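Encoded as structure tokens, the structure appears first; notes follow it.
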Amino acid sequence: MKIQKILYLFFSVIWLASCKTSAQWEGQGPIQIVPTDSKPIQMQEKQAYSLADGVFISNDFEGARLNGAEKVNDTLLRVLILPENEPINPSPWYAFKLWAESEKSMWIEFSYSENSFHRYYPKISQDGRYFQNADSADFFAPAEEGKRPEKAYLKVDLSADTLWVAAQDLVGTKDAEEWKAGLLKLDFVSKEIIGKSTEGRDLEILKIGEADDQEMLMVISMQHPPEVTGYLAMKSFVETICEDSPEARAFRRKYNLYLMPQMNPDGVANGHWRHNAGGVDTNRDWVNLNQPEPKALAAFMEAKVEQSGGKFIFAADFHSTWEDIFYTINEDLEGNKPGLIPKLIKRSSKRIPGYDPNIRPTETNERSVTSNSYFFFVHGAESMTFEVGDNTPRELIRQKGEFTARELMRLLK
Ligand SMILES: [Zn+2]
């Protein structure tokens, strides 16, 4: 057995064990209808902070979030990470780069806004592209019993070479552009701009398939900027639909899949914790449709249905949270392909040895403010919110995306 395979199995077992011990995770509470008119946001000032003794720290790049930095003493730096506005889910997104005129080891203290706590295990990178988890010996986040840590500490070795520190891999605009450019080389993939974000970024949709739009699929991701693991699962899902196999070719002749991989491009570019440039959680705006991103997508889907006379039969919105979970629609309700989502989750999960999926159908029969609810209640699309754990191993994420696509293609044959 190859060493990579042994390591993969080892980490998968650890991951599954950690899911078991935290099985009491109950998911999010009932979704509240909240106002979604634009609110002011606090922009961070882009700069390179020159701290004493030739130490520098900078947020002067896309996707970064760093709202203050100071040197506390010879071995300790403090960084301040603040949200774009409040109230907000406490999921502090941070990214910055550091260097020093002479080599030295220092501790970084992460401090957050008053109502927040530490969430993301730090990743480090030498080039800003390839990130890996910081060594566990170099990181701790002390917490009182039963409470989440308010602060966290990371030891870094500084030198003249830039060191990148981030909450998750930086897969921002550039990664998405490169990935989309690769897909657009395929002759069954095309692009459409459906609107502009508040800051003027293109809102883009890819069309995948050569079908007649009678039965359509919708996939979205990155409503919430730090939710990189969900984005990675979406990529694996879409790449499987795009592969050159008899099954995928047949699927694309029958169905068109519409994809909006970057639902919140402004939030991603600005390193927001959760909101768009209007200071709003777009996944609470699918009834009001006040914000440009959900508004543009809803208009696109509704026009598509009107022009083609077809319908959306499936939709998935990829996110990340503490652990893997599927938010689905109450199973008593029937859309355009009754039973598709429960079957799909069960079949794809069975392919991962020992994995028992956490499925949370909505308790009520009523429409709510999320994308998932919009897709089902407005279009009849069988829909789910596909949540991937913050720390789910990357190879497992890839497999989950792939298996979901394979079983979907089989179920829709
Ligand atoms: Zn989310």
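Counting begins at 1 with the first residue of the sequence. Please read these numbers as outputs of a predicted model, since none were measured by experiment.
Ion pairing between Lys343 and Glu407 fails under the 4.0 Å rule for side-chain N and carboxylate O. One finds a salt bridge joining Glu247 and Arg410 here, because a Lys/Arg side-chain nitrogen approaches an Asp/Glu carboxylate oxygen to under 4.0 Å. Salt bridge absent: Asp169 and Arg129 never bring a charged side-chain N and a carboxylate O closer than 4.0 Å. Using a cut-off of 4.0 Å between Lys/Arg side-chain N and Asp/Glu carboxylate O, Glu382 and Lys337 are scored as not salt-bridged. Salt bridge annotation for Asp60-Lys46: absent, with no cationic side-chain nitrogen under 4.0 angstrom from a carboxylate oxygen. A salt bridge is absent between Glu192 and Lys207: the closest approach of a Lys/Arg side-chain nitrogen to an acidic carboxylate oxygen does not fall below 4.0 angstrom.
For Gln42 (side chain) and Asn67 (main-chain N/O), no donor-acceptor pair under 3.5 Å exists by modelled atom type. With hydrogens and angles ignored, the 3.5 Å screen pairs no side-chain donor or acceptor of Asn264 with any backbone N or O of Pro225. Checked by atom type and distance alone, the side chain of His275 never pairs as donor or acceptor with a backbone atom of Ala277 at under 3.5 Å. Judged by distance alone, the side chain of Glu84 and the main-chain N or O of Arg274 form a donor-acceptor pair under 3.5 Å. Side-chain atoms of Asn372 never come within 3.5 Å of backbone atoms of Phe375 as a donor-acceptor pair (strictly under, hydrogens ignored). Panel note: side chain Asn276, backbone Asp281; no donor-acceptor pair is recorded below 3.5 Å. The closest donor-acceptor contact from the side chain of Asn270 to the backbone of His272 lies at 3.5 Å or more, if one exists at all. At distances below 3.5 Å, at least one donor-acceptor pair connects side-chain atoms of Asn59 with backbone N or O atoms of Glu45. Proximity of a side-chain donor or acceptor of Arg78 to a complementary backbone N or O of Ser111 within less than 3.5 Å is not detected. No donor-acceptor distance shorter than 3.5 angstrom exists from the side chain of Glu204 to the backbone of Ile193, with no hydrogens or angles considered.
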Enumerate, atom names and distances included, each donor-acceptor pair closer than 3.5 Å involving a side-chain atom of residues 231-240, sequence neighbours excluded.
from   : atom 1 : to     : atom 2 : distance (Å)
Tyr231 : OH     : Asp175 : OD2    : 3.0
Lys235 : NZ     : Asp175 : OD2    : 3.2
Ser236 : OG     : Arg398 : O      : 2.5
Ser236 : OG     : Glu402 : N      : 3.1
Glu239 : OE2    : Trp179 : NE1    : 2.7
Thr240 : OG1    : Ser236 : O      : 2.8

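Taking the centre and axis of the six-membered ring of Trp322, the NZ or CZ atom of Arg119 falls inside the cone set by 45° and 6.0 Å. Cation-pi check for Arg351 over Phe403 is met; the charged atom lies under 6.0 angstrom from the ring centroid and within 45 degrees of its normal.
Other residues, nucleotides and ligands place more than 12 heavy atoms under 6.0 Å from the NZ atom of Lys39. More than 12 heavy atoms of other residues, nucleotides or ligands lie within 6.0 Å of NZ in Lys71, so this atom counts as buried by the packing criterion. More than 12 non-hydrogen atoms from other residues, nucleotides or ligands lie less than 6.0 angstrom from CD of Glu86.
Taking both residues in full, the closest heavy atoms of Gln291 and Asp285 are given as N-OD2, 2.7 Å, listed atom of the first, atom of the second, then distance. Shown here for Trp99 and Ala48, the closest heavy-atom pair between the two residues is CH2-CB, 4.3 Å. When all heavy atoms of Asp317 and Ser371 are compared, the closest pair comes out as OD2-OG, 2.6 Å. Contact record, Tyr258 with Asp213: OH-OD1, 2.8 Å, taken as the closest heavy-atom pair.
The salt bridge (Lys or Arg N to Asp or Glu O under 4.0 Å) contacts involving residues 248-273 comprise Arg201-Asp266, Asp244-Arg249, where partners must be two or more places apart or lie in separate chains.
Taking the six-membered ring for Trp and the full ring otherwise, His224 and Phe318 have centroids separated by 6.0 Å or more.
Looking only at side-chain heavy atoms (C-beta outward), Lys180 and Pro261 come within less than 4.5 Å of each other. You'll find the side chain of Val369 stays beyond 4.5 Å of the side chain of Thr36, heavy atoms only. The shortest distance between side-chain heavy atoms of Ile345 and Phe386 does not fall below 4.5 Å.
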Check: Between His319 and Tyr327, is a side-chain hydrogen bond (donor to acceptor under 3.5 Å, both in side chains) present by the stated rule, with each step listed?
Finding: CA-CA 10 Å; His319 288 251; Tyr327 291 111; over 6 Å; no
Checklist line | From CA spacing to verdict: side-chain contact (heavy atoms from CB on, under 4.5 Å), Gln168, Trp93 | finding: CA-CA 8 Å; Gln168 289 285 19; Trp93 172 252; 3.7 Å; yes
Checklist line | Verdict with supporting geometry, Phe110 and Leu154, side-chain contact (heavy atoms from CB on, under 4.5 Å) | finding: CA-CA 8 Å; Phe110 292 82; Leu154 172 69; 3.8 Å; yes
